[in-house]
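Report on one structure; see the data block that follows.
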Protein chains: 2
Amino acid sequence: MGRWEPNARGRLVQAAMELYGERGYEQTTVAEIANRAGLTERTFFRHFADKREVLFWGGGALQELLVSSVAEAPASTAPIDAVAAAFEAAAAQLQERREHSRQRQAIIAANAELRERELIKLESFASALADALRLRGVADTAASLAAEAGIAVFKIAFVHWLATGQPDFPQLIRESFDELKAVAAGK
Amino acid sequence: MGRWEPNARGRLVQAAMELYGERGYEQTTVAEIANRAGLTERTFFRHFADKREVLFWGGGALQELLVSSVAEAPASTAPIDAVAAAFEAAAAQLQERREHSRQRQAIIAANAELRERELIKLESFASALADALRLRGVADTAASLAAEAGIAVFKIAFVHWLATGQPDFPQLIRESFDELKAVAAGK
DNA sequence: GCGGCTGATGTCAGTTGCTGTCATCACCAT
DNA sequence: ATGGTGATGACAGCAACTGACATCAGCCGC
C-alpha cells in the first residue's frame with residue numbers, strides 16, 4: 001500500500017463507517033481508522049477537523065440542494081412552501097441511498113457527541129435556508145421561523161422514514177408539512 | 001483555602017464563567033478553572049461530565065418548568081398553545097437574570113463546541129415537551145412537531161430578546177408564536 | 001530525460017481533555 | 001475515641017488533536 005494510493009479521503013470515510021458500525025464510535029480510535037485506510041493518524045486530521053467530521057462529509061451537497069431549491073421556487077410561493085419543496089428534493093436524494101442513510105443514522109443515534117454534531121449541521125442548514133429566503137424578500141424573523149420549522153419537520157419525518165420503511169420519503173415530507181400546518185393552526 | 005470550603009460546584013461554575021468570558025473557552029484549561037475555584041482538575045470532573053457541561057448547570061430546572069407548564073395547561077388547550085404557554089413561563093424566569101443570560105449566551109455563541117452542547121440541551125427540552133404532550137393524549141407526530149416548533153420559536157425569540165433589549169420577553173414569545181402561525185399558514 | 005517545485009504524507013514531540021485507582025481528610029454517629 | 005462515609009487530592013495513563021519538520025510522488029519547464 002504505497003504512499004500515493006488515490007482517494008485517501010474516501011478510504012478514511014469508508015474505514016470510519018465500518019469501524020464505528022462494528023465496535024461503536026467511542027471504542028474506535030483515529031489511529032485504527034487511519035490504519036485500516038493505509039494512512040497515519042496525522043493524515044486523518046489533515047482531511048477531517050476531528051473524529052466526528054468524517055461522518056458528515058457530503059453534507060455540503062445537501063445544503064446546496066436545499067438552498068438552490070428555495071432559490072428556484074416560483075416568486076409567488078409562500079416561504080413555508082418553498083422550504084417544503086426544498087426538503088422534498090432533499091428527501092428524493094436521500095431515498096436513493098436508504099440503506100446508507102440507515103446505517104449512518106444508527107451510528108449517530110448511538111452516540112451523544114455525534115448527535116451534537118448532527119444538530120449543528122442541521123442548524124447550518126437552517127441558517128442557509130433562512131438566508132435563501134431573505135434573498136427572496138422574506139422578512140428576517142419569518143425567514144428564520146420558516147427555516148427552523150422546516151428543519152423540525154425534516155428531523156421528525158426522517159426518523160419516521162427510517163423507522164417505518166415508508167417507501168416514498170418525499171410524500172412523507174409533504175404530509176409532515178401538512179401536519180405542521182394543522183398543529184400550528186391549533187388543531 | 002481549606003479542603004472543605006462549601007459550594008464547590010458553584011465556585012467551579014463561577015470560575016468557569018469568568019475565565020471563559022475573560023480569555024475565551026478554548027484558551028481556558030480545566031486546571032485553571034479548578035485552580036481559581038481552589039480545587040483540582042480531578043474534582044472538576046467529579047462535578048461536571050466535561051468542560052462544556054459547567055455552563056449548562058441549571059438547565060434541568062428550566063426543563064422541569066416547561067414540562068410542568070404543559071402538564072398544567074387546561075385540557076382544552078391546543079398542543080401548540082400549551083407549548084407557547086410553557087415558553088412564556090420560561091421567558092419570565094429568564095427575564096429575571098437578563099444580564100447573566102446575555103453573558104452566558106455571548107460565551108456560547110463564540111464557540112462551536114458550546115453551540116453544539118446548547119443544541120442538544122434544547123433537543124432534550126423538545127423531547128421532554130413532546131412526552132408531556134403525549135401524556136395529554138396528543139398523537140405522536142403532532143406532539144413532536146409542536147415541541148420542535150416551540151423550540152424553534154424560542155431559539156429565534158431568545159436571540160431577538162438579547163439583541164434588541166426588548167423589555168418584555170414573554171410578550172415577545174407570544175408574538176413569535178403568532179408569527180409562526182402566520183408563516184405555517186403560508187402567509 | 002533531468003532538476004526543481006508543489007502538495008500530500010510520514011514522523012515525532014507536546015498539550016489537554018478525561019478516566020481509573022488509591023490515599024487522605026473532614027465530618028458525623030455511636 | 002473510634003469507625004464509617006463522602007468529598008477531595010495525587011498520580012498514572014489513554015486518546016484526541018496540533019505544530020514543526022522531513023520525505024516522497026508527480027508534474028513542469030527546459
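A note on names: the letters A, B, ... follow the listed sequences, proteins ahead of strands, and every chain is numbered from 1.
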Give the rounded distance in Å between these two atoms: [atom1] of [X] and [atom2] of [N].
X	N	atom1	atom2	result
B/I33	C/dT16	CD1	C1'	12 Å
B/L12	D/dA7	CG	C1'	13 Å
A/D50	D/dA15	CG	P	18 Å
B/N35	C/dG17	CG	P	14 Å
B/E53	C/dC18	CD	C1'	14 Å
A/F44	C/dG10	CZ	P	14 Å
B/E41	D/dC11	CD	P	14 Å
B/Q27	D/dC17	CD	P	17 Å

So, does A/R136 use its side chain to make a donor-acceptor pair with the main chain of A/T77 at under 3.5 Å? yes
Given [options], which nucleotide is nearest the side-chain atoms of [X]?
X	options	result
A/R42	C/dC18, D/dC11, D/dA20	D/dA20
B/L39	C/dG10, D/dC17, D/dT8	D/dT8
B/T29	C/dG17, D/dT8, C/dT19	C/dG17

Could you check whether B/Q105 and B/E118, counting side-chain N and O atoms only, form a donor-acceptor pair closer than 3.5 Å? yes
Does either side chain, that of A/R46 or that of A/T40, offer a donor lying less than 3.5 Å from an acceptor on the other one? no
Using a heavy-atom cut-off of 4.0 Å across all strands, would you classify A/A8 as base, sugar-phosphate, or nothing? sugar-phosphate
Classify the nucleic acid contact of B/A49 as base, sugar-phosphate or nothing, counting any heavy atom under 4.0 Å across all strands shown. sugar-phosphate
For a quick check, tell me whether the side chain of B/R52 and the base of C/dG17 share a donor-acceptor pair closer than 3.5 Å. no
It should be established whether A/H47 places a side-chain nitrogen or oxygen under 4.0 Å from OP1 or OP2 of nucleotide C/dA8. no
side-chain N/O B/T43 vs D/dG9 OP1/OP2, d < 4.0 Å: yes
Quick check on DNA chain D: between A/R46 and A/V30, whose nearest nucleotide comes earlier from the 5' end? A/V30
Would you verify whether the NZ or CZ of B/R104 falls within 45 degrees of the ring axis of B/Y20 while also being under 6.0 Å from that six-membered ring's centre? no
Given salt bridge (Lys or Arg N to Asp or Glu O under 4.0 Å), test A/K155 with B/E123 step by step and report yes or no. CA-CA 11 Å; A/K155 281 201 291 200; B/E123 191 66 16; 2.7 Å; yes
